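What you are looking at is a predicted structure, and each value in this text was computed from that prediction instead of being measured. Proteins come first, then strands; the chains are lettered A, B, ... in the order of their sequence lines, and each starts at number 1.
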Amino acid sequence: MLELLRRQATEVAPLLLGAVVRVGDVAVRLTEVEAYMGEGDPGSHAFRGLGKRNAVMYGPPGHLYTYFTYGMHTCANVVCMPEGVASGILLRAGEVIEGADLARERRTTSRKPADLAQGPARLAVALGIRLDDAGDNLESGRVRLELPQSRAPFSAGPRTGVAGEGGSNSYPWRLWIPGEPSVSPYRPAVKRKRS
DNA sequence: GTCGAGATTATCT
DNA sequence: GATAATCTCGACC
């Protein structure tokens, strides 16, 4: 598996669609992911170079990169590219296929099954992924990744909610499996107001 | 049903 | 002190 994850994010991302992420008794089949290149990608956390937060992304592939954002949300990524090169894939959404009862318990605001892991932060909550799971080995750690037997069909579009204007968001690096109810609706812009 | 603003804190400047 | 790879809730149609 590590050989497959050693390539650049845009090549690895299609392989993750249909993959299963398992944490304890809860398993999620990924239906939506987003590729982030390293220091050359303005939307990436690695754009400004190595820091405490993104150190894991510079590490070896096949590990879990988590980050905290908007003061209350945790998101999970899969690190790819060899050690020393920052690159990762954000797990945006998925379908809970095991442990739905437990996932529902964690996601008390969810009303329909499709909402359980519809969005990066929701997916992390449903799986019980926390900030301190960063750096976990996806083959032997608490968080496991199982690649699918065959590649799923997918569509591509612009990434959502990334920082930067115009051009930085023009790459079609958001991939999803068409027709899946758990795929989050596209949000073209994020209105940001500061008080 | 859709749309828009507020929440809340680790990390970086 | 400002920012952020988001979610939720309340207002309105």
*When we call it a touch if two heavy atoms are under 4.0 Å apart, what does A:R111 touch: a base, just sugar-phosphate, or nothing?*
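No contact.
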OP1 or OP2 of [N] less than 4.0 angstrom from a side-chain nitrogen or oxygen of [X], does that happen here?
X      : N      : answer
A:T109 : C:dT8  : yes
A:H73  : C:dC7  : no
A:R122 : C:dT8  : yes
A:R53  : B:dT13 : no

*Is A:Y58 reaching over with its side chain to a backbone N or O of A:E83, donor-acceptor style, under 3.5 angstrom?*
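Between the backbone of A:E83 and the side chain of A:Y58 there is no qualifying donor-acceptor contact (under 3.5 Å).
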*asked:* Between the base of C:dA5 and the ring of A:Y36 - centre-to-centre under 5.5 Å, planes within under 30° - is that a stack?
replied: yes
*Candidate nucleotides B:dT9, C:dT8, C:dA5, ranked by approach to the side chain of A:N77 - the nearest*: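 Nearest to the side chain of A:N77 among the choices is C:dA5.
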*Could you tell me which nucleotide pairs with B:dA10 by Watson-Crick or G-U wobble geometry, both distances under 3.5 Å, or answer none if nothing does?*
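When the pairing criteria are applied, C:dT3 turns out to be the nucleotide that pairs with B:dA10.
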_Between C1' of C:dA4 and CG of A:L90, the distance in whole Å_ =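 To the nearest whole Å, that distance equals 13 Å.
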*asked:* By the definition side-chain hydrogen bond (donor to acceptor under 3.5 Å, both in side chains), identify the one residue from A:D136, A:D133, A:N137 that meets it with A:R142.
replied: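 Answer after filtering A:D136, A:D133, A:N137: A:D133.
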_Pairing donors with acceptors under 3.5 angstrom, does anything connect the side chains of A:T31 and A:S182?_
yes
